[in-house]
Structure formats: structure tokens, C-alpha cells
Amino acid sequence: MNTYFLKKKTFLTTGVLAALLLVGCSDEESSTAKETSAWDEIQDKGSLTVATSGTLLATSFRDSESDELTGFEVEVVRELGNRLELAIEFKELGFDEMLTSVNTGQIDLAANDIEITEDRAEEFIFSTPIKHSYGTAVVRKDDLSDISSLEDLPGKKAAGASTSIYMEIARDYGAEEVTYDNASNEVYLRDVSIGRTDVILNDYYLSTFGVAAFPELNITIHPDIKYAPSEVGLVMNKDNTELADHVDTALEEMLKDGTITEISKEFFGGADVSIKPDIEEN
């Protein structure tokens, strides 16, 4: 009789322990599933989805002969993918759409000469800066669009993207805003040339590349207007800190070993945009 109860007690105890172990395993598996990060998902997928415009000369555009997507940031991202051992899937989007897509998690990165600002840094994670520049003005070559400084912008028609830093500057100085829906550089530049608009405020290096690409147009870089030193980085979702850490590690290696300098010189006429320019604002 005692032996029977002892065996029964042992059986019940073993069953309870087994049940507890199963619950423990289940909880552990649930916890592990909950801890899966966006970086884990990227690694499982084996690729990064990157938003870029494909219309911004020097940084993201299609080669006129091959129609292949290329440019400074496009090639930086491709090398970044190599170092992270991830394929790169580009999606060509307008500026506003690419930032929205990063915010909602549809896109892992945005690469399109996006300037680092305090307001944007509150909403997104920016990578280590890969480009340093400053603002300039594209005007008509024959008369500089009757502009000698930013103080002459009231009444002038300024072309650009509505939400860009440079359009904000144009508005602040009283220019009339003229915007386009992800139009190519040629459209912007030709409109200045023919007088449909008067000025494009934009990054110096991008503007220099754009003007040089269309020598037949009546446009030039204003010789006296320099303002707003800037830094550009890749943009990521605010919650994706693990991705940001891996991106920064790879970019810092690329800056240190001269890879970004080489890519810069290829697309910016020999200039190294990875170093800060020495300018006096006016």
C-alpha cells in the first residue's frame, strides 16, 4: 500500500515538473520571438531596401547611356551592402514619400542627399555624415537673374522641392516658391535658363555637377553666394538602432580607408566631399 502511494506520488511530481518545463520553454520561445529586431529581419531577408530618387544628378540618377542607377550615394550604399554582406534593393521615390516610408518601416534606409538637421534628427536616425557641403544658387549666366545676394530674393521665383532645407531658406528670404513632383535636374535647370523661374538654391556640389551636365543652358553657379554649411547622412527609422550601429561601423571604415573619398572624386569632379569645406558665409 505504501509502495503504491509512493509510486503514484512520484508519477504526479514528474508530471508537474514536465508541465512546468513545457511552460518554461514556451515562455522562453515567446520571449525570443518578441526580441526579434528589425536588424534580425534584415539579416534573415538578406537585403536592405533603400529609397532614393533616381533624379538627383551626382548623388542618385540614371546613366544616360546604360540607364543604370548610379551616383555618389547610390555607390556608397552599394559598397555598404558589400561590407554588411547584404543585397541592396533600391526603390525610386519622391523626397517626401521616401521619408514617410522610412518612418513607417517600409524602407530600411533613405539615401538622397538628405541634410542632417535638428528637426529631422528628432524624427529619424542619421548615419555618420558622408558628405559635407554648403548652399549656393543657380542663376542665369547672362545677368545672374539680377541677384547679388540672398537679400535680393523677394519677388524672385525659386525652384525646388517644397520640403527641402533650401526651399525653406528661399521662403524665409521672400522668394516665390515653384515646386515639382520628383522632376529631373534638367527640368529645374532649363526653367531657370528660359526665365520660367529665376533661381535654384541647392547644395554646392550637386549644383556644380548639374550645371556642368547642361553646358548649352544659360545657367551658372552664382560666384558670390555661399551659405548654410551642411552635413548629409543616410536616414533610418528612429527605432532601428541596431541597423544604425552596423551602418555607422561600415561607413566609418569606408571613410578611414578612403573608399568614400574615391567615390566622391568620381562623381564630384575630383572633389572630396567627405571633408568639411572652409567657407565664409555671405
Side-chain angles (χ1 to χ4, degrees), residues 35-54 56-61 63 68-92 98-99 101-103 105 107-118 120-134 203-206 209 229-278:
E35 290 173 3
T36 299
S37 66
W39 172 245
D40 293 328
E41 293 174 1
I42 287 168
Q43 287 187 299
D44 288 342
K45 185 174 62 170
S47 64
L48 279 172
T49 306
V50 181
T52 194
S53 68
L56 190 57
L57 282 175
T59 205
S60 171
F61 62 98
D63 183 87
E68 180 184 356
L69 186 66
T70 189
F72 171 65
E73 284 187 63
V74 169
E75 300 307 330
V76 166
V77 167
R78 284 194 172 120
E79 177 58 22
L80 173 68
N82 289 337
R83 299 196 183 203
L84 295 178
E85 298 182 347
L86 295 169
I88 300 297
E89 298 177 2
F90 286 106
K91 286 196 174 183
E92 294 175 46
M98 70 178 69
L99 291 183
S101 296
V102 170
N103 223 351
I107 295 293
D108 299 313
L109 285 173
N112 204 66
D113 203 65
I114 302 173
E115 185 177 338
I116 301 169
T117 66
E118 289 184 10
R120 287 175 182 165
E122 290 179 0
E123 191 174 357
F124 302 97
I125 297 177
F126 277 90
S127 71
T128 294
I130 58 173
K131 176 173 173 282
H132 301 269
S133 188
Y134 58 90
D203 169 83
Y204 171 76
Y205 292 112
L206 298 187
F209 187 98
S230 62
E231 294 181 332
V232 164
L234 306 178
V235 181
M236 291 158 279
N237 186 283
K238 192 72 173 177
D239 295 328
N240 208 346
T241 55
E242 197 173 359
L243 170 63
D245 289 341
H246 287 282
V247 166
D248 280 347
T249 297
L251 290 179
E252 284 160 12
E253 289 175 356
M254 291 165 65
L255 287 165
K256 187 176 181 179
D257 66 22
T259 300
I260 289 180
T261 295
E262 290 179 11
I263 297 172
S264 170
K265 289 181 177 180
E266 178 184 352
F267 289 98
F268 294 111
D272 184 0
V273 301
S274 70
I275 59 175
K276 293 183 179 181
D278 183 17

Practice item. Without swapping roles, check the side chain of Ser127 against the backbone of Asp248 for a donor-acceptor pair under 3.5 Å. Key: no
Revision key, fill the gap. Output for pair (Phe268 CZ, Ser274 OG), nearest 0.5 Å, gives 11.0 Å
Exercise for review: Check Ser60 against Gly54 and note the closest heavy-atom contact, atom names and distance.
Suggested key: OG-N, 2.8 Å
Practice item. Could you check if a side-chain atom of Val77 sits within less than 4.5 angstrom of a side-chain atom of Phe90, using non-hydrogen atoms only? Key: yes
Exercise for review: Measure the spacing between CG of Leu56 and CG of Leu206 and express it to the nearest 0.5 Å.
Suggested key: 5.0 Å
Check your understanding: Between Val102 and Ala110, which heavy-atom pair has the shortest distance, and what is it?
Key -> CG2-CB, 3.8 Å
Review point. Just wondering, do Phe126 and Val235 contact through their side chains at under 4.5 Å, heavy atoms?
Key: yes
Exercise for review: In plain terms, say whether Arg83 and Glu79 are close enough for a salt bridge, that is, a side-chain N and a carboxylate O under 4.0 Å apart.
Suggested key: yes
Check your understanding: Taking only residues two or more places apart in sequence or in another chain, which ones pass ring-ring contact (aromatic ring centres under 6.0 Å, His included) with Phe209?
Key -> Phe61
**Study point:** Minimum heavy-atom distance Thr52-Ala111, with the two atoms named
**Key:** OG1-O, 2.7 Å
Exercise for review: Verify, without hydrogens or angle tests, whether Asp108 (side chain) and Val50 (backbone) share a donor-acceptor contact under 3.5 angstrom.
Suggested key: no
**Study point:** Side-chain heavy-atom pair Lys131, Thr59 within 4.5 angstrom cut-off
**Key:** no
Exercise for review: Taking all heavy atoms of Ile116 and all of Val232, pick out the closest pair and write down the distance.
Suggested key: CD1-C, 4.1 Å
Exercise for review: Before giving the answer on side chain to side chain contact (heavy atoms under 4.5 Å, CB included), spell out for Leu99 and Ile114 the whole-Å C-alpha distance, their side-chain angles and the decisive distance to 0.1 Å.
Suggested key: CA-CA 10 Å; Leu99 291 183; Ile114 302 173; 4.0 Å; yes
**Study point:** Under 3.5 Å donor-acceptor, Thr261 side chain and Asp272 backbone
**Key:** no
Practice item. Return yes if some donor-acceptor pair links the side-chain N/O of Asp44 with the main-chain N/O of Glu41 below 3.5 Å, else return no. Key: no
Point to revise | Residues Arg78 and Glu75 bridged, charged N to O under 4.0 Å | key: yes
Review point. Taking atom CG of Leu80 and atom CD1 of Ile88, what is their separation to the nearest 0.5 Å?
Key: 6.0 Å
Review point. Can you tell which of Met98, Glu92, Glu73 makes a side-chain contact (heavy atoms from CB on, under 4.5 Å) with Asn112?
Key: Met98
Exercise for review: Could you grab the distance from atom CD1 of Ile42 to atom CG of Leu48, nearest 0.5 Å is fine?
Suggested key: 5.0 Å
Review point. Looking only at heavy atoms, what is the nearest atom pair of Ala58 and Phe267, with distance?
Key: O-CB, 3.8 Å
Practice item. To the nearest 0.5 angstrom, please state how far the CD1 atom of Ile107 sits from the CD atom of Glu89. Key: 9.5 Å
**Study point:** Neighbour count above 12 (heavy atom, 6.0 Å) for Lys276 NZ
**Key:** no
Review point. Are any side-chain N or O atoms of Ser264 and backbone N or O atoms of Ile260, one a donor and one an acceptor, separated by less than 3.5 Å?
Key: no
Point to revise | Backbone of Ala121 reached by a side-chain donor or acceptor of Lys238 within 3.5 Å | key: yes
Study note, to complete from the structure: Residues Thr117 and Arg120: closest non-hydrogen pair is OG1-N, 3.1 Å
Point to revise | Approximate separation, where rounding is to 0.5 Å, of Asn103 CG and Asp239 CG | key: 9.0 Å
Check your understanding: Do Phe72 and Asp113 come close enough that some side-chain heavy atom pair is under 4.5 Å?
Key -> no
